[in-house]
Each structure stands twice: as structure tokens, then as C-alpha cells.
Novice: 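Got a structure here, written out as C-alpha cells. Questions coming.
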Number of protein chains: 2
Amino acid sequence: MPISLGSVQLKIMRVLWSEGKASARQITETLSEEKPIAHSTVQTLLRQLEGKRAVTHEREDRTFVFRPLIKESEVTKSVAQDLLSRVFQGSISGLVAHLLESEEVTPEEMERLQKLVREKSQEVEK
Amino acid sequence: MPISLGSVQLKIMRVLWSEGKASARQITETLSEEKPIAHSTVQTLLRQLEGKRAVTHEREDRTFVFRPLIKESEVTKSVAQDLLSRVFQGSISGLVAHLLESEEVTPEEMERLQKLVREKSQEVEK
DNA sequence: ATCTATCGTTTACTCAAGTAAATCTACTCA
DNA sequence: TGAGTAGATTTACTTGAGTAAACGATAGAT
């Protein structure tokens, strides 16, 4: 079951992941800091997310409070896998090659990356 | 100008990239090997692709022959960047970490990856 | 008791992708 | 010359994301 979210849906989820729970209103306000969005839009998207079992809600006073049902890692995983298979035919090195060429990469980032790869290599080795 | 293609559109582009040029018919047949697709569907998508300047066509006899106008690297680049910023907030190591956890990675692939990272590190270093 | 602000719900519209049937057009060959 | 075929074009439907107005219910304030 591939979890597929649109870009605004993802932003909503991100608020929920970082806050743990939030009302529609809170989400609207958080998202609006960056770029205004109508409250009703957020509500519609929350219902869509509920439809695909990504969130749930419970009443608190008269307000719905939403909670994420899926973990961030599940989503990022499926999105990344989808990209990988669709665009790079499964080649991680192909993807990374592109990214390294086209992005500004800080030395710290390279450090982390190297460490990751080194560790993983150990495992695969034997 | 971000180039955004749907998954079937991408498959069509891939045929064009690997063949250099192709008629709608050829594309239909190539794609149908994997999963049947109606010829008219392919034609519709080709027009969409033409609309977004991803391909062009010229007559050859009575047949339209299509050619890619954009390079594969341009597309993969924008898709990868989009993913990176949307889902991983720009963290390449975050993306790679996910992929390494969730994918089967062959030793050869790890090899390539290590090499890539090592080389890039050199550059960034100084 | 009524007004008002705030929720949630309903409804609807746009856009892109995907799908494909139906139709138009023109060439080939019998 | 007329039928059939292979191409292109037109048209249309479905789905999901995104957007938001309009409507309905209700708690609190005056």
C-alpha cells in the first residue's frame, strides 16, 4: 500500500508530525505564515487525509483535534522509493550523482553522507 | 521553469531518449510490451508533452516522428530536487539514509556510491 | 433572547494526468 | 473507383489534488 500525498497534504502532515496533534485552525495558521491558505482548504485536505487513513481526529471541546496515523518515515520512504523506481530505475547512485551535481552541498552534509555510506558498506560487505 | 512529468509521460520520454526519435506507433508498441496501452492514449500524451515543450514532431511520409526537446538529465534533476526540497527539506543525507534502509542494495551499487561520495568530498574539502 | 464569531460540512469549480472511443483524412491496392 | 487501413484529431470521461464559497450549528457575550 503505497502512501501517496500531494505537496500541501505533506505540509499538513509535517505540522502534525512536529506538533503531535493540532486543530485545523492551528494548521491553517502555521501554513499561512509561509503562504496564505484558506481555512476551508485545510479542512478539505484534512478530510482527504482522513479518507486515506493518514490522520484521525477527536473532539476536544467543540474543536476537532487531528493526529497523524502514519509516521513520517513511512511516507518519506514510499515517496523516495517511488522516485527511485520511476525516475532512476532503482539506481541509488544515479540519484545521488544527480543531486551532488546540482545542489550546493555543505561540508557538514558531505561528512554525514560519507559516514552513512561507510557504515552501510560494512553491513553489505559480508 | 520546473519540468514536471507524470509517470506515463516519463515512460514515453524514456523511449524517445533511448531511441532518439520514434513514431507514436512505435512508442505504443514499446510501452505495450510491459503493460497494454491504447494508441490514442499515447497520442494524447504526446500532444501534452508537445504542449509543454518536451517533444516536437515532424512529418516523415504520412507519419509524425517525435523527438525529445529536453534532456533526461534536466528532468531527473528537477524531479530529484523537487523531492529533496519537498520531502527531505534539502537534506541529501536524509534522503540517502532512507533509501539505504529501505532498499536492497547490491555491493556493486554500494561501491559506486562510495566512489561518488569520496570524489565529491575531495572537491568540497578545499 | 438574540446576535455574532467560530467550528465543521457540503458543494462546487479548476487543473493535470490518464484513459480511450469516435471521427476525420489520406494513401494503397484490388 | 471504391474498400480498407493506418495515421491524426476531436471529444469526452475519470480521478485526485487543490482551492474556496456557502451553509449550518452552537457557545458565549450583551
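Just so it is clear, the values below take in all heavy atoms, side chains as well, and ignore hydrogens, waters and symmetry mates. Values in this document were obtained by computation on a predicted structure and should not be read as measured data. The sequence lines fix the lettering, A, B, ..., with proteins before strands; numbering per chain opens at 1.
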Novice: Rounded off to whole Å, could you give me the CZ-to-P distance for the A/Arg47 and C/dT10 pair?
Specialist: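 Checked: the CZ to P distance equals 7 Å.
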
Novice: Can you tell me how far apart CZ (B/Arg67) and NZ (B/Lys21) are? Round to the nearest 0.5 Å.
Specialist: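 It comes to 5.0 Å.
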
Novice: For a quick test of reading the model: is some side-chain N or O of B/Ser7 closer than 4.0 Å to OP1 or OP2 of C/dG18?
Specialist: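 Checking C/dG18 against B/Ser7, a side-chain N or O does come within under 4.0 Å of OP1 or OP2.
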
Novice: Run the numbers on B/Glu19 and B/Gln26 for side-chain hydrogen bond (donor to acceptor under 3.5 Å, both in side chains), then give the verdict.
Specialist: CA-CA 10 Å; B/Glu19 302 293 323; B/Gln26 282 174 265; 5.1 Å; no

Novice: Measuring from A/His98:NE2 to B/Thr76:OG1, what's the distance to the nearest 0.5 Å?
Specialist: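 Atom-to-atom, A/His98:NE2 and B/Thr76:OG1 are 3.0 Å apart.
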
Novice: Measure across B/Ser91 and A/Glu109 and return the closest heavy-atom pair with its distance rounded to 0.1 Å.
Specialist: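 Between these two residues, the closest heavy atoms are C-OE2, 3.5 Å.
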
Novice: Rounded to whole angstrom units, what separation is found between the CG atom of B/Asp61 and the P atom of D/dG7?
Specialist: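 Checked: the CG to P distance equals 11 Å.
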
Novice: Looking at D/dT15, I'd like to know if its phosphate oxygens (OP1 or OP2) sit under 4.0 Å from a side-chain N or O belonging to A/Lys52.
Specialist: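 Result: no.
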
Novice: Think A/Lys11 has a side-chain N or O under 4.0 angstrom from the OP1 or OP2 of D/dA17?
Specialist: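 For D/dA17, neither OP1 nor OP2 has a side-chain N or O of A/Lys11 closer than 4.0 Å.
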
Novice: Could you tell me the separation between the CD atom of B/Glu50 and the CG atom of B/Leu46, rounded to the nearest 0.5 Å?
Specialist: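 Answer for the CD-CG pair, B/Glu50 versus B/Leu46, is 8.0 Å.
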
Novice: Would you mind reading off the distance between A/Gln48 atom CD and D/dG18 atom C1', rounded to a whole angstrom?
Specialist: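 For the pair A/Gln48 CD and D/dG18 C1', the rounded distance is 7 Å.
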
Novice: In whole Å, I'd like the distance from the CZ atom of A/Phe64 to the P atom of D/dA27.
Specialist: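 Going from A/Phe64 (CZ) to D/dA27 (P), I get 14 Å.
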
Novice: Tell me, do A/Val55 and A/Leu69 make a side-chain contact under 4.5 Å, heavy atoms counted?
Specialist: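 No, too far: nothing below the 4.5 Å cut-off.
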
Novice: Within the structure, does a side-chain N or O atom of A/Arg62 lie under 4.0 Å from either OP1 or OP2 of D/dG28?
Specialist: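 The answer is yes; a side-chain N or O of A/Arg62 sits under 4.0 Å from OP1 or OP2.
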
Novice: So B/Ser4, base contact, sugar-phosphate only, or nothing? Heavy-atom distance under 4.0 Å.
Specialist: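 Touches sugar-phosphate only.
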
Novice: Assess whether one donor atom and one acceptor atom, taken from the side chain of A/Ser40 and the base of D/dA22, lie less than 3.5 Å apart.
Specialist: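 Result: no qualifying N/O pair found.
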
Novice: Just how large is the angle between the end axes of the helix from C/dA1-D/dT30 to C/dA30-D/dT1, five pairs per end, to 10 degrees?
Specialist: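 About 30°, once rounded to a multiple of 10°.
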
Novice: Nearest whole angstrom, please: distance from the C1' of C/dT9 to the CZ of A/Phe66.
Specialist: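 Checked: the CZ to C1' distance equals 12 Å.
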
Novice: Strictly below 4.0 Å: does A/Arg59 bring a side-chain N or O up to OP1 or OP2 of C/dG8?
Specialist: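 No, A/Arg59 has no side-chain N/O under 4.0 Å of OP1/OP2 on C/dG8.
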
Novice: Closer to the 5' end of DNA chain D via nearest nucleotide, is it A/Val8 or B/Gln43?
Specialist: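 Comparing both residues, the 5'-ward one is B/Gln43.
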
Novice: Students often get this wrong, so: under 4.0 angstrom with heavy atoms, is A/Gln9 touching a base, only sugar-phosphate, or nothing?
Specialist: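 Since only primed, P, OP1 and OP2 atoms lie under 4.0 Å of A/Gln9, the category is sugar-phosphate.
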
Novice: How many Å lie between CG on B/Leu46 and C1' on D/dT9, as a whole number?
Specialist: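 After rounding, the reported distance stands at 13 Å.
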
Novice: Taking B/Gln81 for the side chain and B/Ser78 for the main chain, is one N or O donor matched with an acceptor at less than 3.5 Å?
Specialist: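 The answer is no, because no donor-acceptor pair under 3.5 Å joins these two groups.
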
Novice: Nearest 0.5 Å, please: how far is CD in A/Glu111 from CG in A/Leu116?
Specialist: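 A/Leu116 CG to A/Glu111 CD: 11.0 Å, rounded to 0.5 Å.
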
Novice: For B/Ile12 and C/dA17, give me the distance from atom CD1 to atom P, rounded to whole Å.
Specialist: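 Value for this atom pair: 12 Å.
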
Novice: Without decimals, in angstroms, what is the distance between B/Leu45 CG and D/dA8 P?
Specialist: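 One finds 14 Å between P of D/dA8 and CG of B/Leu45, rounded.
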
Novice: Relative to the 5' end of DNA chain D, which residue comes earlier, B/His39 or B/Thr44, by the nucleotide with the nearest heavy atom?
Specialist: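 Its nearest nucleotide being more 5', the pick is B/His39.
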
Novice: With a non-hydrogen cut-off below 4.0 angstrom, is A/Thr41 in contact with a base, only sugar-phosphate, or nothing?
Specialist: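 It contacts base atoms.
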
Novice: Considering just the side-chain nitrogens and oxygens of B/Arg25, establish if one lies under 4.0 Å of OP1 or OP2 belonging to D/dG7.
Specialist: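 Checking B/Arg25 against D/dG7: at least one side-chain N or O falls below 4.0 Å of OP1 or OP2.
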
